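The figures that follow rest on heavy atoms only: side chains count, while hydrogens, waters and symmetry mates do not. Note that this is a predicted model, so its numbers are computed, not measured.
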Amino acid sequence: MTYSQYDPASQNRVPWNFGAKIGPKRPFNQKQIWAIRFDLDREKRIRDRVLFDLAISLAVPK
């Protein structure tokens with residue numbers, strides 16, 4: 001739903017995402033991937049570690 005251009009209250013309103021970066025995010029670098037794996041291992045989150053490894057293996061082009 002949009003605001004009316006004739007509503008005086010909406011003329012000074014700033015969009016909620018003003019200034020936010022849009023578009024795809026940068027991929028993780030190798031150091032960040034190993035840090036995530038280390039944290040998941042340390043917290044004994046086996047399921048999350050397996051899902052993370054699966055996602056990384058599917059994201060890497062062959």
Margin query: Would you compute the distance between atom CZ of F52 and atom CG of D39 and round it to the nearest 0.5 angstrom?
Written below: 10.0 Å
Check: In chain order, what residues pass the salt bridge (charged side-chain N to carboxylate O under 4.0 Å, His left out) check against R47, with sequence neighbours excluded?
Finding: none
Notebook entry, point to check: If you link I, L, V, M, F, W and Y whenever their side-chain heavy atoms are under 4.5 Å apart, who else ends up in the same group as I22?
Noted result: none
Note to self: Would the distance check show the side chain of N17 and the main-chain N or O of A20 forming a donor-acceptor pair, the cut-off being under 3.5 Å?
What the structure shows: no
Next item on the list: Group every Ile, Leu, Val, Met, Phe, Trp and Tyr by side-chain heavy-atom contacts under 4.5 Å, then state whether I56 and I36 land in the same group.
Entry: yes
Next item on the list: Sequence neighbours left out, what passes side-chain contact (heavy atoms from CB on, under 4.5 Å) with E43? Give chain and number order.
Entry: R45
Next item on the list: Going by the side chain to side chain contact (heavy atoms under 4.5 Å, CB included) test, name the single residue among K31, Q32, K25 that passes it with F28.
Entry: Q32
Notebook entry, point to check: For L40 and R49, which heavy atoms make the closest approach, and how far apart are they?
Noted result: CD1-CA, 3.7 Å
Check: Can you tell me how far the CG atom of L51 sits from the CD1 atom of I46, to the nearest 0.5 Å?
Finding: 11.5 Å
